[in-house]
Amino acid sequence: MQQLFYTLLITLLTIACSAPKEKQPEREAHRLQFHFTPPSGWMNDPNGLVYYDGEYHLFYQHYPDSTVWGPMHWGHAISRDLIHWEHQPIALYPDSIGTIFSGSAVVDENNTSGLQTGNEKALIAMFTYDKKGFETQGIAYSNDKGRTWTKHPNNPVIKNPGEQDYRDPKIFWHEASAHWILSLAVKDRIEFYRSKNLIDWEKTGTFGREYGNHGGVWECPDLFPLTAEGTNDTHWVLLVSINPGGPNGGSATQYFIGNFDGKTFTTDADPSSERWIDWGPDNYAGVTWSNAPDGRKIFIGWMSNWLYGQAVPTERWRSAMTLPRELSLKQTAAGLRLSSLPSPEVNRLRGARESVTAGNTYTYGSLAELQLTVDLAASTANDFGVEFFNAANEVLRIGYNRSTERICIDRTRAGKKAFSDQFAGVHYAARSSDSPTLKLHLYIDVASAELFADDGTTCMTSIFFPNEDYTSFRLFAEGGDVTLTDGFWHRLTSVY
Ligand code: FRU
């Protein structure tokens with residue numbers, strides 16, 4: 001008997017030791033170290049961003065069975081600080097009505113839906129059902145702080161009126177009209193609906209056919225008020241993702257500043273003007289958290305692009321989210337602009353502050369934050385900035401081109417690029433500021449770069465895939481010198 005027990009034990013141990021081990025996320029090639037990535041499988045848009053009882057919920061477009069897009073589910077993760085995430089079981093699975101496309105979530109504070117069953121407020125998610133391109137809107141609710149979800153028996157609560165692209169509901173409570181407001185992307189415009197109970201909806205307005213960029217289909221809207229910095233003036237901001245049509249090709253997110261009267265959005269802006277929350281190729285479908293504390297407007301985007309997102313060279317998982325970002329409205333030389341800056345929680349990852357000067361090489365170990373303040377009047381170089389590199393002679397360049405007055409990220413020599421002929425390139429962004437001081441604030445995480453220039457009024461996000469991890473950076477200047485009034489950096493720590 002004892003013999004049998006030991007034989008069994010040894011057999012079990014042998015099986016356990018020889019079974020293929022799951023790779024630790026910190027060991028996988030290109031796995032980011034301080035950005036959210038799915039444990040495995042495919043991920044695109046952030047969904048259902050809602051804060052409740054000390055927890056930030058992040059749901060996301062997810063296909064767990066493959067590393068390419070497929071029947072969509074809502075993946076789920078929870079964080080208390082926007083940086084360290086705990087993976088949760090899949091929240092929403094496809095059903096007979098369709099697969100689960102993008103959408104949002106809210107806290108039903110006053111139980112307007114009547115769906116609350118216990119002491120916790122009900123969380124209500126609204127999402128698009130897609131069945132082979134036929135799209136309707138459904139809701140689901142949770143009475144256990146977002147841990148489990150039940151789809152509503154009346155689904156779909158909004159039927160399709162005969163539209164081809166009819167999706168991505170984003171809801172918020174509008175106190176002035178005492179209604180829930182829903183923004184919905186409908187092909188080349190945003191439609192607005194309202195409801196008293198989150199279940200019965202009436203259409204109230206339309207915006208956008210003649211406004212902004214129409215290089216592709218409109219997707220993933222978000223509508224919210226913001227008070228312009230240094231004033232008491234509140235403006236409404238409407239985010240609209242567009243694919244393709246982005247300023248550097250493929251997917252990107254534009255925004256409009258205007259007014260919302262409870263029924264529709266209007267703007268005085270020149271209809272042909274285009275504003276981008278991020279000019280880089282890799283920030284798409286971003287929206288903001290509902291119910292965030294202290295009136296914060298916290299944004300997160302999918303850090304990829306539909307041009308090549310399904311082909312990037314990661315093995316078991318695909319795509320990351322951007323850093324969480326705080327949105328504000330700032331006055332610039334070009335007018336009122338939407339600024340994004342990393343959420344202050346990211347500062348907790350900082351190591352010691354060290355200075356940066358021209359002519360030195362710094363070893364950073366794949367994760368870094370840099371802040372450079374450049375005196376443009378005193379600088380003579382036509383191209384200057386910072387380059388990150390590895391022993392394989394691969395280099396990512398981020399900087400400024402004086403003759404075109406544009407900020408740029410060059411990933412043509414940054415690493416792997418054969419997976420898509422749409423990937424390698426030099427990408428540009430226009431400044432909104434005319435200040436003779438150029439501020440470049442940068443985050444590098446293994447395979448991603450996020451640049452917040454001029455206090456977040458010009459942003460660029462770009463991913464890259466080095467054959468060996470980057471280890472070092474240095475300043476570069478071509479055709480002259482660069483004069484820094486300030487320069488410093490921090491090593492950042494991994495969240496694993
Ligand atoms: C944006 C998007 C949404 C849609 C989802 C499907 O990236 O196309 O419009 O709901 O992805 O995964």
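Every number for a ligand or one of its atoms is a count from 1 in the order of the listing. Note that this is a predicted model, so its numbers are computed, not measured.
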Novice: Salt-bridged, Lys203 to Glu191, with N to O below 4.0 Å?
Specialist: yes
Novice: For His214 and Trp218, take the angle between the two ring planes, folded into 0 to 90°, and tell me which bin it lands in: parallel under 30, tilted 30 to 60, perpendicular over 60.
Specialist: parallel
Novice: If the cut-off is 4.0 Å to any non-hydrogen atom of Ser102, which atoms of ligand 1 fall inside it?
Specialist: 5 (C), 10 (O)
Novice: Starting from atom 10 (O) of ligand 1, find the nearest protein heavy-atom neighbour and note its residue, name and distance.
Specialist: Asp168 OD1, 2.6 Å
Novice: Pick one: which of Thr99, Thr136, Asp95, Asn160 meets side-chain hydrogen bond (donor to acceptor under 3.5 Å, both in side chains) with Tyr129?
Specialist: Asp95
Novice: Below 4.0 angstrom from a heavy atom of Met72, which ligand 1 atoms are there? Numbered from 1 as shown, please.
Specialist: 12 (O)
Novice: Test of understanding: given a 4.0 Å heavy-atom threshold, classify the contact between Trp302 and ligand 1 as side chain, backbone, both, or neither.
Specialist: neither
Novice: Hey, does the Lys NZ or Arg CZ of Arg189 hover above the aromatic six-ring of Phe207, less than 6.0 Å from the centre and inside 45° of the axis?
Specialist: no
Novice: So is there a nitrogen or oxygen of Gln61 less than 3.5 Å from a nitrogen or oxygen in ligand 1?
Specialist: yes
Novice: Anything under 30° is parallel, anything over 60° is perpendicular, the rest tilted; go ahead and classify Phe260 against Phe192.
Specialist: tilted
Novice: For the residue pair Phe59 and Trp74, categorise the inter-ring angle as parallel (less than 30°), tilted (30 to 60°) or perpendicular (more than 60°).
Specialist: tilted
Novice: Near Tyr284, which atoms of ligand 1 are under 4.0 Å from a heavy atom of that residue?
Specialist: 1 (C), 7 (O)
Novice: Which heavy atom of the protein is the closest neighbour of atom 2 (C) of ligand 1, given with residue, atom name and distance?
Specialist: Asp45 OD2, 3.3 Å
Novice: Which part of Asp130 is near ligand 1, with near meaning a heavy atom under 4.0 Å away: side chain, backbone, both or neither?
Specialist: neither
Novice: Starting from atom 8 (O) of ligand 1, locate the nearest protein heavy atom and write down its residue, its atom name and how far away it is, to 0.1 Å.
Specialist: Glu219 OE2, 3.0 Å
Novice: Check this for me, if you would: do Asp53 and Lys121 make a salt bridge, where the nitrogen-to-carboxylate-oxygen distance has to be below 4.0 angstrom?
Specialist: no
